[in-house]
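Report on the structure given below.
Throughout, a chain's letter reflects where its sequence line sits, starting with A, and its residues are numbered from 1. On a predicted model such as this, the values are computed, not experimentally measured, just so you know.
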Amino acid sequence: MSKPTLPQGTRDFSASVVRKRNYIFNTIRSVFEVYGFQPLETPAMENMETLMGKYGEEGDKLIFKILNNGLAEGATPEKALEKAARSRESFEKLLSGKNISDITERALRYDLTIPFARYVAMNHGQLTFPFKRYQIQPVWRADRPQRGRYREFYQCDADVVGSRSLLNEAELTGIYATTFTKLGVPVEIRINSRKILAALAELCGGSDKMVDITVAIDKLDKIGLEKVKAELAQRGLDENQINIIERYLLIAGSNTEKIEQLRALASNNATAAQGLEEINFVLNYQPEDAPLAEVVIDFTLARGLNYYTGIIFEVKAKGANMGSIGGGGRYDDLTGLFGVPNLPGVGISFGVDRIYDVMEELNLFPQEVEASTKVLFFNLGEAECAKAFQLAQELRARGISAELFHEQAKFDKQFKYAEKKGIQYVAILGSEELQNGTCKIKNQSTGEQNTVAQADIASQIQ
RNA sequence: GAGGGUAUAGCUCAGUUGGUUAGAGCGUCAGUUUGUGGCACUGAAGGCCGUGGGUUCGAGCCCCAUUAUCCUCCCCA
């Protein structure tokens, strides 16, 4: 019998990790709530056709598919054989990349946006627009695990659907800013507009080149200007076009400086002007009570998902070696994919698992997040134990977490248990205290110890 | 999908040109110590050296394969 293992890229979470993760979830959820978003949950699995083709060619490969049941079963042996034969045929088709619904018709959720779009398309008659929902659930991707990348991870999404107002973008920026400030994580919220990228493509003489251009410039941080230029040339852009892109990529400085430089470069392009207007609007609504979040323009920001049409977001933690910890943007017609056209939307996503890793790396979790049991009653004899049990119950009734040591044991052992579990107070109730109706309360961190009346224990440990 | 590293005690890791009975620190358990923990000391338990082949008189060490895991690229949260 070999040791049991976990599927690649999945994890168990022990008590302290769960507590810290919940701290992040609760912080994000509370911000979503105060901005007026409503919760939604969708199933772990969706129909295959709901997901396929929504994330690009690469994305389809990363979707976890669920094998159909009963691939070789039937009411009679003959039918079972027939079914098995059909399954074999379908499997051949699957291998050659054709119709696969005979083999797999369900798949695990890949993100929260597409299931949300599916939900809105199914329920648009009942919803009040603009519809603001948030969703905190795990998603699954058949990616190769590595640092900051898991096969099962949580996303926390907030989307507004049914409104073209840029106020939504401003509010979502505010959600990012307040959440990361509450969590104590210094971040850069990078924004750009797909319209700016479209304008760049227009300036280079072909909107059809937009994908080529964005794919190449998105790599600027990683491979450098020269290699980006080489890649552009390889993708069929001429010297003049590459020249314009180079000037575009060299835009730098403060937000206002960047805007000026872009204006100079794209002075008479209407699409660029629209994009700049969007960016300006969002910048003018920067929240003032969120000092840890800095909103910066990043004209090289492109983002892969091809359904974005307006403002796009990406969040990077400052001082941590980690990819983006959040992202999102505006999509003009997401539900169109599901037969309900003309419903625009905009949304953002938090990557909790990466936020956790960053907070762990930068040591940002407040100590009290890990607090468990508040007080441990020592077990010092039969009668003492009975009294301690009663006192523990009284504390529990008042919402104070209390434990009674499970057996009579030496002080040493009971103290060590309290220490290891990080229990803040121990309550010592021995024969003497039992007789006097008192109890000794010791603060584990300071070593301070007081004898108090049994009725006063709760107030003593608050 | 492409490339690289690692695999030895519960955990982190040593292990000499290939040579007798594979080590350390931490952790665990027990004792010093049955009314005051964290410290110290003493002792104990705990290993098919990832798995399968091969080379050799002899393999934890060399070779091949395989699996797992970590990292990089692609892409992403």
Side-chain angles (χ1 to χ4, degrees), chain A residues 2-11 24 28 55-63 109-113 136-157 176 187 214-216 218-219 222-223 227 231 301-306 312-317 320-329 347-358 376 378-381 384 405 408-434 439-451:
Chain A
S2 57
K3 280 187 191 173
T5 57
L6 283 173
Q8 202 179 32
T10 66
R11 297 146 303 154
I24 301 174
I28 294 172
Y55 309 105
E57 220 172 291
E58 288 297 309
D60 283 358
K61 290 185 198 162
L62 300 180
I63 294 170
R109 178 169 64 215
Y110 177 89
D111 74 353
L112 302 179
T113 309
I136 299 177
Q137 288 190 283
V139 301
W140 295 269
R141 293 185 188 176
D143 221 341
R144 191 98 162 227
Q146 55 182 275
R147 181 187 164 78
R149 173 169 307 184
Y150 307 98
R151 287 186 151 181
E152 177 183 64
F153 62 97
Y154 269 77
Q155 289 193 328
C156 305
D157 277 29
Y176 267 145
V187 293
T214 53
V215 167
D218 199 34
K219 297 180 188 166
K222 280 177 187 161
I223 64 177
K227 285 190 178 163
E231 182 162 341
L301 180 63
R303 294 195 59 78
L305 294 171
N306 41 24
I312 45 182
F313 302 99
E314 194 155 290
V315 183
K316 281 276 292 179
N321 173 24
M322 180 60 71
S324 68
I325 57 175
I348 56 170
S349 181
F350 289 82
V352 169
D353 301 79
R354 286 186 175 178
I355 294 171
Y356 178 93
D357 289 348
V358 166
L376 174 72
F378 275 20
N379 186 331
L380 299 169
E384 292 88 340
F405 198 76
Q408 256 189 73
K410 292 196 290 188
F411 266 55
D412 178 72
K413 205 163 183 153
Q414 306 199 38
F415 266 122
K416 281 184 174 158
Y417 177 82
E419 188 197 344
K420 275 185 197 139
K421 265 190 96 168
I423 297 175
Q424 200 179 345
Y425 294 97
V426 299
I428 301 167
L429 201 155
S431 53
E432 192 185 316
E433 289 82 6
L434 187 63
C439 181
K440 282 184 177 145
I441 300 292
K442 180 164 184 175
N443 183 324
Q444 286 287 87
S445 46
T446 63
E448 193 185 338
Q449 180 172 306
N450 295 312
T451 304

Do the side chain of A:R141 and the base of B:C75 come within less than 3.5 angstrom through a donor-acceptor pair of N or O atoms?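 Side chain to base: no pair below 3.5 Å.
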
Select base, sugar-phosphate, or nothing to describe what [X] touches, counting heavy atoms under 4.0 Å on all strands.
{"X": "A:Y150", "answer": "base"}
{"X": "A:R354", "answer": "base"}
{"X": "A:G148", "answer": "base"}
{"X": "A:D143", "answer": "base"}

Rounded [atom1] spacing from [N] to [M] in Å:
{"N": "B:A68", "M": "B:A14", "atom1": "C1'", "result": "23 Å"}
{"N": "B:U51", "M": "B:A59", "atom1": "C1'", "result": "16 Å"}
{"N": "B:U33", "M": "B:U20", "atom1": "P", "result": "42 Å"}
{"N": "B:U66", "M": "B:C71", "atom1": "P", "result": "23 Å"}
{"N": "B:C62", "M": "B:C26", "atom1": "P", "result": "30 Å"}
{"N": "B:G5", "M": "B:A40", "atom1": "C1'", "result": "41 Å"}
{"N": "B:G27", "M": "B:G4", "atom1": "P", "result": "40 Å"}
{"N": "B:A7", "M": "B:A65", "atom1": "C1'", "result": "16 Å"}

Using side chain to side chain contact (heavy atoms under 4.5 Å, CB included) as the criterion, list what pairs up with [X], not counting sequence neighbours.
{"X": "A:Q408", "answer": "A:N379"}
{"X": "A:S349", "answer": "A:Q155, A:D157"}
{"X": "A:S445", "answer": "A:N443"}

Counting C-beta onward and ignoring hydrogens, is there a side-chain heavy-atom pair between A:Y55 and A:I63 closer than 4.5 Å?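 Side-chain contact under 4.5 Å: yes.
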
Within-4.5 Å side-chain heavy-atom neighbours: A:F153 and A:V139: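 When only atoms from C-beta onward are counted, A:V139 and A:F153 do touch, with a gap below 4.5 Å.
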
What pairs with A:Y154 under ring-ring contact (aromatic ring centres under 6.0 Å, His included), at least two apart in sequence or on another chain?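 Residues passing ring-ring contact (aromatic ring centres under 6.0 Å, His included) with A:Y154: A:F25.
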
Sequence-distant partners of A:E152, side-chain hydrogen bond (donor to acceptor under 3.5 Å, both in side chains), two or more places apart: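 Result, side-chain hydrogen bond (donor to acceptor under 3.5 Å, both in side chains) vs A:E152: A:W140.
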
Please list all pairs meeting salt bridge (charged side-chain N to carboxylate O under 4.0 Å, His left out) that have one or both residues in residues 414-431 of chain A, counting only residues at least two apart or in different chains.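 Qualifying pairs: A:E403-A:K421, A:D412-A:K416.
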
What residue pairs, at least two apart or across chains, pass salt bridge (charged side-chain N to carboxylate O under 4.0 Å, His left out) with a residue in residues 136-147 of chain A?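 Passing the test, one end in residues 136-147 of chain A: A:D143-A:R149, A:R147-A:E361.
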
A:R149 side chain, from C-beta outward: closest of B:U69, B:C74, B:G1: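 That would be B:C74.
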
Separation of [X] atom [atom1] from [N] atom [atom2], in whole Å?
{"X": "A:I423", "N": "B:G38", "atom1": "CD1", "atom2": "P", "result": "17 Å"}
{"X": "A:F313", "N": "B:C76", "atom1": "CZ", "atom2": "P", "result": "17 Å"}
{"X": "A:K316", "N": "B:C76", "atom1": "NZ", "atom2": "P", "result": "14 Å"}
{"X": "A:R147", "N": "B:C73", "atom1": "CZ", "atom2": "P", "result": "11 Å"}
{"X": "A:R144", "N": "B:G5", "atom1": "CZ", "atom2": "P", "result": "14 Å"}

Qualifying ring pair (Phe, Tyr, Trp, His ring centres under 6.0 Å) pairs, either residue in residues 408-434 of chain A, two or more places apart: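 Sorted result for residues 408-434 of chain A: A:F378-A:F411, A:F378-A:F415, A:F405-A:Y417.
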
At their closest point, which heavy atom of A:E448 faces which heavy atom of A:N450, and how far apart are they?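 Closest heavy-atom pair between A:E448 and A:N450: OE2-ND2, 3.9 Å.
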
A:F350 over B:A77, stacked by centroid distance under 5.5 Å, angle under 30°: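 According to the criterion (under 5.5 Å, under 30°), no, A:F350 does not stack.
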
Do nucleotides 29-37 of chain B as a string where each nucleotide becomes B, S or -: B if the base has a protein heavy atom under 4.0 Å, S if just the sugar-phosphate does, - if no protein is that close. -SS-SSBBB

Between A:Q146 and A:S324, just flag the one whose closest nucleotide in RNA chain B comes earlier from the 5' side.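 Result of the comparison: A:Q146.
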
Test of understanding: with salt bridge (charged side-chain N to carboxylate O under 4.0 Å, His left out), list the residues that count as partners of A:R151, not counting sequence neighbours.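 By the salt bridge (charged side-chain N to carboxylate O under 4.0 Å, His left out) rule, A:R151 matches no residue at all.
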
Under 3.5 Å, N/O pairs linking protein and nucleotides 42-44 of chain B:
none

According to a 3.5 Å limit on both distances, what stems of 3 or more consecutive Watson-Crick or G-U pairs are formed with RNA chain B?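 Consecutive-pair runs (3 or more) involving RNA chain B: B:1-7 with B:67-73, B:10-13 with B:23-26, B:28-32 with B:40-44, B:50-54 with B:62-66.
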
Would you confirm whether A:Y356, through its side chain, and A:G351, through its main-chain N or O, come within 3.5 Å as a donor-acceptor pair?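 No; zero donor-acceptor contacts below 3.5 Å.
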
